[in-house]
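The structure appears right after this line, and notes come after that.
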Amino acid sequence: MQALFRIDSFRFLLLGLALGTGAQQAWAALGQAPSAQVRSAAGSAAGSAAAARKLAVTPAVTASLFTVHEAVLASGTTVQEYAGTTGVVFAVAWRGPVLPDLSALLGVYFSAFKAETDKTRALGKRGSAANVARSDLVVSSNGRMRGFYGYAYAPELIPAGINIDVLLE
């Protein structure tokens, strides 16, 4: 009976960890509005206690053509969302010890990214940087354990007048 209790407790713990990990990875994807969690924490001076525990957020930096929202995840990885004046995220960037969930960051663009990286892996290029340059999506993801960095953007979403190469340097 005690062994059954331990197994159920272990399953409950795993479920809690999985749900907790997913909760802290809530940010916007390309083509969407900046994440509500980042906007609410950046919009108030103190931020909510829950948001403060999950991530540290710097206030949004506003330029005439775009806004940057930055979040530092509990893992230590920094995620930046670049949103145009229409409120749509046109680029994302990351840097930190843990690679963020790219399916969440890329949203509907993830399937194109996955197809391109699957082609590269089929050619035997495993463990190399993931670079995709298509007319609808550009992704550069590099690094190794404790040192990941990269960016992604949708060229058609970039507001006129922004030099994306300079912005993401």
Side-chain angles (χ1 to χ4, degrees), residues 17-42 54-55 57-58 60-169:
L17 288 173
L19 291 174
T21 301
Q24 66 188 359
Q25 295 182 354
W27 48 75
L30 288 177
Q32 297 177 356
S35 70
Q37 186 179 38
V38 172
R39 279 186 284 125
S40 65
K54 290 182 182 172
L55 51 95
V57 178
T58 59
V61 176
T62 305
S64 61
L65 299 174
F66 64 92
T67 303
V68 180
H69 298 270
E70 184 175 283
V72 179
L73 306 178
S75 66
T77 299
T78 300
V79 176
Q80 296 173 319
E81 303 170 335
Y82 298 86
T85 56
T86 61
V88 174
V89 174
F90 63 88
V92 292
W94 58 91
R95 178 173 293 283
V98 177
L99 184 66
D101 180 3
L102 294 182
S103 66
L105 283 179
L106 300 178
V108 297
Y109 296 92
F110 183 73
S111 59
F113 171 73
K114 183 162 176 19
E116 292 295 324
T117 56
D118 286 347
K119 284 181 195 176
T120 302
R121 287 193 177 116
L123 296 172
K125 297 179 183 176
R126 296 181 183 271
S128 61
N131 293 305
V132 173
R134 298 170 35 133
S135 62
D136 61 336
L137 176 66
V138 175
V139 179
S140 177
S141 182
N142 298 288
R144 59 180 184 231
M145 292 193 56
R146 295 184 302 275
F148 291 99
Y149 58 96
Y151 60 83
Y153 62 90
E156 71 269 10
L157 298 178
I158 299 170
I162 292 179
N163 182 340
I164 196 70
D165 295 326
V166 172
L167 182 67
L168 295 174
E169 282 186 333

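Shown here are the side chain to side chain contact (heavy atoms under 4.5 Å, CB included) partners of Phe148, two or more places apart in sequence or in another chain: Leu99. Among residues two or more places apart in sequence or in another chain, the side chain to side chain donor-acceptor pair (under 3.5 Å) test is passed with Ser103 by Asp101. When the side chain to side chain donor-acceptor pair (under 3.5 Å) test is applied to Lys119, no partner is found at least two apart in sequence or on another chain. Contacts of Ser140 classified as side chain to side chain contact (heavy atoms under 4.5 Å, CB included), with partners at least two apart in sequence or in another chain: Asn131, Asn142, Tyr151. Take Thr77 and apply the side chain to side chain donor-acceptor pair (under 3.5 Å) test, not counting sequence neighbours, and it matches Ser75.
Taking 4.5 Å as the limit, some side-chain heavy atom of Gln80 sits within range of a side-chain heavy atom of Val68. Between Leu167 and Ile164 there is a side-chain heavy-atom pair separated by less than 4.5 Å. Side-chain contact between Glu70 and Thr78 is present, with heavy atoms from C-beta onward closer than 4.5 Å. Taking the side chain as every heavy atom from C-beta outward, Leu105 and Val79 approach each other to under 4.5 Å. A 4.5 Å side-chain heavy-atom check between Tyr82 and Val92 finds every atom pair outside the cut-off.
Residue pairs meeting the salt bridge (charged side-chain N to carboxylate O under 4.0 Å, His left out) criterion with at least one partner in residues 133-150, sequence neighbours excluded, are Glu116-Arg134, Arg134-Asp136. Here side chain to side chain donor-acceptor pair (under 3.5 Å) pairs that include residues 154-169, with residues two or more places apart or in two chains, are Tyr109-Glu156.
Smallest separation of non-hydrogen atoms from Thr85 and Ser64: CG2-O, 3.6 Å. Contact detail for Gly84 and Pro159: the closest heavy-atom pair is CA-CG, 3.9 Å. Scanning all heavy atoms of the two residues, the minimum distance from Val89 to Ala29 falls at CB-O, 3.7 Å.
Separation of atoms OG (Ser141) and CH2 (Trp94) is listed at 5.0 Å; rounding is to 0.5 Å. Glu81 contributes atom CD, which lies 11.0 Å from atom OG1 of Thr67 (distance to the nearest 0.5 angstrom).
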Test side chain to side chain contact (heavy atoms under 4.5 Å, CB included) applied to Leu30 and Leu137, step by step = CA-CA 10 Å; Leu30 288 177; Leu137 176 66; 3.9 Å; yes
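Ring geometry for Phe66 against Phe90 counts as perpendicular: the plane angle is over 60°, on a 0 to 90° scale with 30° as the lower cut.
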